[in-house]
Amino acid sequence: MEYGSLVRLATWNVNSLKARLPRVEEWIDDIRPDVLCLQETKSTDDAFPSQFFADRGYESVHHGQGQWNGVAIISRVGLEDPVANFADGLPPDPEARLITATCAGLRVSSAYVPNGRDLENDHYRYKLEWMARLRAHLEADTRPEAAVVVAGDFNIAPDDRDVHDPAKFVGATHVSTAERDALRSVESWGLSDLFRYLYEEDRMYSWWDYRAGAFNKGEGMRIDLILGSEAVRNRSRWVIIDRQARKGDKPSDHSPVLVDLDE
DNA sequence: ATGGTCGTTGCACGA
């Protein structure tokens, strides 16, 4: 495959696009992703900096609500048939957590799965229902035989290799059997966790708490995932979690995750 | 054992 014939797709929970814009600019100029899924823009649609991306050669679609949540897809390889929220025909999710569009023949969703907070919390039930709706969305929106990507912050560590100290997380959200089963149910529609498909390594995290020097102590979780259908998986050359982006001045608490796909 | 930091907003709360 000759140079330049790859599609570079990335996902990044930026924890406020406004606060992160200098870091996003630096990262885009360095990495030049073809498609970038953003989560936690914390922006209204009106305030979303579409011109900032247009100036750098990107089209963009945003589904935001303002103070919280907010997801976007930016692309320099086409951006067609956007769908905000779930396509399952049920009343829309009141929170802005999902947007879908077609980029370079890929049906791409940017997903921000609810945090869950704790196992007794209403938000935990909402999280499990949200994952069930994600599968229903895929069933309504596309087919597993297509080139499908669901990338984002899942707030679920798929297995114990994805948690720095599993013993500390017994009884906590992000690792519960029900959450992991909900992820497997979405995957069983026809998606694979591309990082885990390619690599067996543990201690490869994508999120580290801002507090208590968690990043420097290597105390994180791998909760930012790129799920791909078989057609995408077969084109996946490598997946990288860009830890560099978690360093330096005013980082997000999440690193970007990127995949290069053979064309 | 607890809290520890950010981002939002507005002087608390979500992650």
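Reminder, nothing fancy here: chain letters follow the sequence lines and each chain counts from 1. It should be emphasised that the depicted structure is a prediction, and the values quoted were computed from it without experimental measurement.
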Using the C1' atom as the point on both nucleotides, what is the distance between B/dA15 and B/dG4, in whole Å? 14 Å
Plane angle bin for A/H62 and A/F48 - parallel if under 30°, tilted between 30 and 60°, otherwise perpendicular: parallel
Under 3.5 Å, is there a donor-acceptor pair between the A/K42 and A/N15 side chains? yes
If the threshold is 4.0 Å, N to carboxylate O, is there a salt bridge linking A/R56 and A/E25? yes
Take atom P in B/dT2 and the same atom in B/dC6, then report the distance between them in whole Å. 23 Å
What is the distance, to the nearest angstrom, from the CG atom on A/N13 to the P atom on B/dA15? 11 Å
When the distance from CG of A/D249 to P of B/dC6 is rounded to whole Å, what number comes out? 10 Å
Between A/W207 (CH2) and B/dT5 (C1'), how many Å, whole number? 11 Å
Salt bridge flag under 4.0 Å for residues A/R76 and A/E59: no
Base-pair map of DNA chain B as dot-bracket, where | denotes pairing with a different strand and pairs are Watson-Crick or G-U under 3.5 Å: ....((((...))))
Can you pull every protein N or O that's under 3.5 Å from an N or O on nucleotides 8-14 of chain B?
| residue | atom | partner | partner atom | Å |
| --- | --- | --- | --- | --- |
| B/dT8 | OP1 | A/S16 | OG | 2.4 |

Can you tell me how far P in B/dT9 sits from the matching atom in B/dG3, rounded to whole Å? 26 Å
Is a side-chain donor-acceptor pair under 3.5 Å present for A/T41 with A/R20? no
Ignoring backbone atoms, establish whether A/R211 has a side-chain N or O less than 4.0 Å from OP1 or OP2 of B/dT2. no
